K.L.:
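I am attaching a structure below and will ask some questions about it afterwards.
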Amino acid sequence: MSISPLRSAATHDREPVVRVRGFTRRFGDTVVLKDLDLDIAPGEFVALLGRSGSGKTTLLRTLAGLDPAPGQDVVTPAARAVVFQDARLLPWKRVWRNVALGLKGKDVRARAEAALGEVGLDHRLDVWPATLSGGESQRVSLARALIREPGLLLLDEPFAALDALTRLRMHELVLSLWRKHAPAVLLVTHDVDEAIALADRVLVLDHGQIAAEEVIALPRPREADAAFQAVRQRLLGHLGVQNLRPVAQEGALISFPSGEVVA
Amino acid sequence: MSLSTAARKPIELRLPRLSISNARWLSPVLLLLLWELGSRTGVIPPRILAAPSTVIGALWELTISGELPSNLLVSLARASVGLAIGVVAGTALALIAGLSRAGETAVDPLMQIKRTIPSLALTPLFIVWFGIGEAPKITLIAVATVFPIYLNLFSGIRGVDVRLVEAARSFGLSPAQQITQVILPGALPSFLVGLRYSMGVALLVLVVAEQINASAGLGHLINNARDFMRTDIIVVCLLVYALLGLTADLIVRTVEQRALAWRPALIKS
């Protein structure tokens, strides 16, 4: 197994861009997040796995500044951008205006065009969002996030509503954009395979706390080889999914349960 | 036609095509012919209803003499001024009530009380207050047109997808920008429904308001015609009222086509 020397080692020495200490979040009597600590290094790609209701989205919303966290120890970069599961494009603004939302200056159209070019949609600048497919909408949504050159890119299950093939293409796109712009990324997902394919580090959120952490040191692009499967098994174990078919022989895997954790 | 090419094309107004397969014009024309036939054969006496040809003649005469255009302008001005006041007031009230909980608490109960009183029932009160000049007519139209605008815009504002507002907030839009770029465009379809309804109401109230001792306007023309049993002039005025309604509708439709071009067409024409 070769170990990627690229990011995790180099980035961990630097001051983290996201720093959360002892974070607690309640809704009424329900404690969603409890005394949670989290660091994300500059340029680090972190995936956050967890079941529905485990508090993943709550944590992301806090980091995005969408939910206030008064009196809590939460440090995030000023430039943050979110890609939501539903693309949330404004239907009454043409695609490029959606990308340039809230930006000022004479060259916003050119900037939006460049950003859309990076996601392969510079030919659809002037169409209405309602005419885009699901994958195209998410690419526009990515362009809208990246045009802001965020220090922290928050991805809230952005590929969950896409078909499998589109999702794979989106994975490649996200990785290439991440390499180019090097923001810190927090990807919230319930798809174990997606987390392993993309992230430097995978966190498992359970009962309001980080229950497990896996540093993925596999080289990208990541094939579903034995090392991949070993990580996958460990993560599924952390998520409380039993291995339905045990490993037949050492290193040779026959079949695995679905990577999706649906709860 | 694919959606992407449709989006790039400029908006075009489609004229109704005259074809038998789509012959919506056929039955009205048949009715007109029957009416003319009835008048010519004496089945419908002119005292009851003038023949279509006579009505057209009266329309021509009234237009040439300038009587119709001048009175039409008076009526149009009444309706427009009243409607403008009503739309501005309704929009302002809907913004106050729609954008804040406190505003809703303050404004909405009053509007609901107002809604229970038929606007036309206020006529006697307005005559007492404002006399019989232009003021009671315009006030009546304004009061009647406030509510459709208020109700539709208010529900439109409240119906705006909060996820879009949230997304805008996450991209650093100020509260004012969130209102102008997300909430108001999102509520525009509802506002236009309210506007179309208000225009209809304005016309309806205009007809009644003009019966208040008017010395000019379409109502004045109708009242005079009634006194002389000129059913042809009465029908001409009814035609003009109908035309006004159609024109109002056409205006809103055109505005809708332009302002709501982003909406995927539910029914392709």
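Just so it is clear, the model here is predicted, and its values are computed rather than measured. Chain naming here is simple, since letters A, B, ... match the order of the sequence lines and numbering starts at 1 in each.
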K.L.:
Indicate yes or no: at least one non-hydrogen side-chain atom of A/R25 is less than 4.5 angstrom from one of A/Q72.
P.N.:
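They are not in side-chain contact.
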K.L.:
Which class fits the ring pair B/F154 and B/Y150: parallel under 30°, tilted 30 to 60°, perpendicular over 60°?
P.N.:
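B/F154 vs B/Y150 ring planes: parallel.
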K.L.:
Which answer fits A/R88, side chain, backbone, both or neither, if we ask what part of it has an atom under 4.5 Å from a heavy atom of chain B?
P.N.:
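Both backbone and side chain.
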K.L.:
Measuring heavy-atom distances to chain B, does A/L154 have an atom under 4.5 Å in its side chain, in its backbone, in both, or in neither?
P.N.:
neither
K.L.:
Quick check on A/R144 against chain B: is it the side chain, the backbone, both or neither that has a heavy atom closer than 4.5 Å?
P.N.:
both
K.L.:
Does any heavy atom of chain A fall under 4.5 Å from the side chain of B/E166, the backbone, both, or neither of them?
P.N.:
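Looking at B/E166, backbone and side chain both touch chain A.
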K.L.:
A/D39 and side chain to side chain donor-acceptor pair (under 3.5 Å): which single residue from A/R201, A/R21, A/R19 fits?
P.N.:
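Among the candidates, only A/R21 passes.
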K.L.:
Considering only heavy atoms from C-beta outward, does the side chain of A/L36 approach that of A/Q209 to under 4.5 Å?
P.N.:
no
